[in-house]
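Report on the following structure.
For the numbers below, each heavy atom of this structure counts, side chains included, while hydrogens, waters and symmetry mates do not. One-based numbering, in listed order, for ligands and for the atoms of each.
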Amino acid sequence: MSKLQERYTGSVMNTFGPPALALARGAGARVWDTDGKEYVDLLGGIAVNALGHAHPALVEAVTTQLSTLGHVSNFFATEAQVSLAETLLDLLGWTDARVFLSNSGAEANEAALKLTRRTGRTRLVAAEGSFHGRTMGALSLTSKAAYREPFEPLPGDVTFVPYDDVAALEAAVDDTVAAVVLEPIQGEAGVVVPSAGYLAAAQQVAHDHGALFWLDEVQTGIGRTGAWFAHQLLDGVEPDVVTLAKGLGGGIPIGATVARGAAATLLQPGNHGTTFGGNPVASAAALAVLRTIGSDDLLAATRARGDQLAALLAAQSGVVEVTGAGLMRGAELDGPYAAHAVAAGRDAGLILNATGPSRLRFVPPLVITSDDLDVLAAALPAVLDTARTVAGLHQETQETRP
Ligand SMILES: *Cc1c(COP(=O)(O)O)cnc(C)c1O
């Protein structure tokens with residue numbers, strides 16, 4: 001353990017467990033630890049560092065804004081805040097719509113949750129395997145028992161249905177439901193992609209009962225899947241509410257709740273607020289991210305690098321399934337050695353991430369290069385092999401199989 005990791009343990013509340021590494025700096029999709037060791041970053045700060053580390057456009061935007069006007073409160077308007085709201089509406093293609101800016105994914109979802117209460121209904125329908133954040137409201141929509149149970153009773157009246165099951169939604173949704181909330185691709189569950197047609201059908205079920213259709217694009221949004229928003233890859237899917245965060249600020253904390261049509265005016269003056277939300281520095285950061293994704297054609301790059309990543313993962317012995325879209329990929333291993341793969345990856349200079357015993361998730365910066373992925377391709381076979389051995393699992397070779 002490095003000195004910094006020791007100081008961490010002595011001063012930072014132990015909610016995350018001990019930190020795996022002490023990191024000192026980054027550039028593009030590479031980071032360096034405090035000993036100077038280099039890593040290819042396949043986690044991207046959990047799908048956050050869309051432009052990678054230390055991107056000049058982000059540095060410039062934040063520096064310029066901070067040296068001009070850093071924070072003013074929501075008593076006042078700023079150019080950065082309004083431009084960001086306008087840009088998000090443009091990218092969504094929504095005219096009759098409004099944006100509420102906050103500081104995180106959980107907060108974006110809290111605002112959306114409060115918005116649904118203004119329909120006069122209180123029931124919500126969410127999916128098993130969902131993750132919507134750790135604050136009490138967002139947690140009430142998050143299915144994982146280990147996250148929920150220590151904090152019950154949670155607010156809300158939430159029914160969980162199996163993901164990717166239209167019949168279960170039809171059975172659960174009635175005219176008392178305020179909203180159906182889903183991730184277009186479940187991220188924390190390990191990059192779980194629903195069947196074609198599921199989200200359109202879910203939207204139809206919600207609308208048949210006068211409920212809002214709310215997509216949590218906190219992880220899938222902002223280019224992650226190769227489209228600005230994952231739902232734009234699907235025919236006929238146009239949610240009433242979209243929540244965003246993670247990649248939006250490229251590492252500067254920001255969240256956004258976007259609502260259209262009747263949903264756009266459900267929150268009225270006095271109904272919700274935030275001190276920091278929409279502050280000019282965070283807004284300028286988000287604008288720099290959105291502009292750079294556009295000007296550098298990072299949506300096309302995300303699709304190309306995403307295909308390269310998916311192909312190299314599928315080629316690994318031990319990987320039995322590759323899921324996802326763009327640069328949001330899941331890899332199912334042939335045994336419960338994902339945590340060992342993360343550890344072996346660190347030794348080999350890779351920042352990997354496990355979402356389950358046999359599941360790896362890859363959500364690297366959208367600026368990751370072909371060379372970065374070649375480093376991954378070269379290192380991964382030995383990493384998986386070591387992980388299997390450490391886990392005490394010995395893969396049968398092709399020859400010994402019957
Ligand atoms: C990460 C995540 C959240 C929570 O975001 P925070 O910024 O950690 O509060 C909510 N929804 C989804 C889909 C996420 O992936």
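For atom 10 (C) of ligand 1, the choice among Glu110, Glu217, His132 with the nearest heavy atom turns out to be His132.
Distance check on atom 8 (O) of ligand 1: every protein heavy atom falls at or beyond the 4.0 Å cut-off.
Residue Arg361 is tested with Thr323, Thr355, Asn353 for a side-chain hydrogen bond (donor to acceptor under 3.5 Å, both in side chains); the sole match is Asn353. Among Leu4, Leu21, Leu23, the single residue meeting the side-chain contact (heavy atoms from CB on, under 4.5 Å) criterion with Thr34 is Leu4.
Where the criterion is an N or O separation shorter than 3.5 Å, residue side chain and backbone included, Val218 fails it with respect to ligand 1. In terms of N/O distances under 3.5 Å, ligand 1 is approached by Asp216. The distance criterion of under 3.5 Å between nitrogen or oxygen atoms is not met by Gly133 with respect to ligand 1.
Using modelled atom types, one finds a donor on one side chain and an acceptor on the other under 3.5 Å when comparing Thr369 with Asp372.
Within ligand 1, the atoms closer than 4.0 Å to a non-hydrogen atom of Glu183 are 13 (C), numbered from 1 in the order shown. Each of the following atoms of ligand 1 lies closer than 4.0 Å to a heavy atom of Gln219: 15 (O). When each atom of ligand 1 is checked for a heavy atom of Ala106 under 4.0 Å away, the hits are 4 (C), 5 (O), 6 (P), 9 (O). Remark: ligand 1 atoms within the under-4.0 Å shell around heavy atoms of Ser104 are 7 (O), 9 (O).
At a heavy-atom distance under 4.0 Å, only side-chain atoms of Lys246, from C-beta outward, approach ligand 1. By the criterion of a heavy-atom distance under 4.0 Å, the side chain of Asn109, and not its backbone, is placed next to ligand 1. Proximity of Ala245 to ligand 1, defined as any heavy-atom pair under 4.0 Å, is not found for any part of the residue.
The number of heavy-atom neighbours closer than 6.0 Å to CZ of Phe276, taken from other residues, nucleotides and ligands shown, is 12 or below. Annotation: Asp235, atom CG; neighbour count of heavy atoms from other residues, nucleotides and ligands within 6.0 Å does not exceed 12. More than 12 heavy atoms of other shown residues, nucleotides or ligands fall within 6.0 angstrom of atom CZ in Arg123.
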Q: Would you please test Tyr198 and Val166 for side chain to side chain contact (heavy atoms under 4.5 Å, CB included) and show each step?
A: CA-CA 7 Å; Tyr198 171 66; Val166 180; 3.7 Å; yes
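Using cut-offs of 30° and 60° for the angle between ring planes, the His132 and Trp214 rings count as tilted.
In this structure, Arg346 is not positioned above the aromatic face of Tyr39 in the sense of NZ or CZ being under 6.0 Å from the six-membered ring centre and within 45° of the axis.
Summary of contacts: the protein heavy atom closest to atom 12 (C) of ligand 1 is Phe131 O, 3.3 Å. Among all protein heavy atoms, the one lying closest to atom 5 (O) of ligand 1 is Gly105 CA, 3.3 Å.
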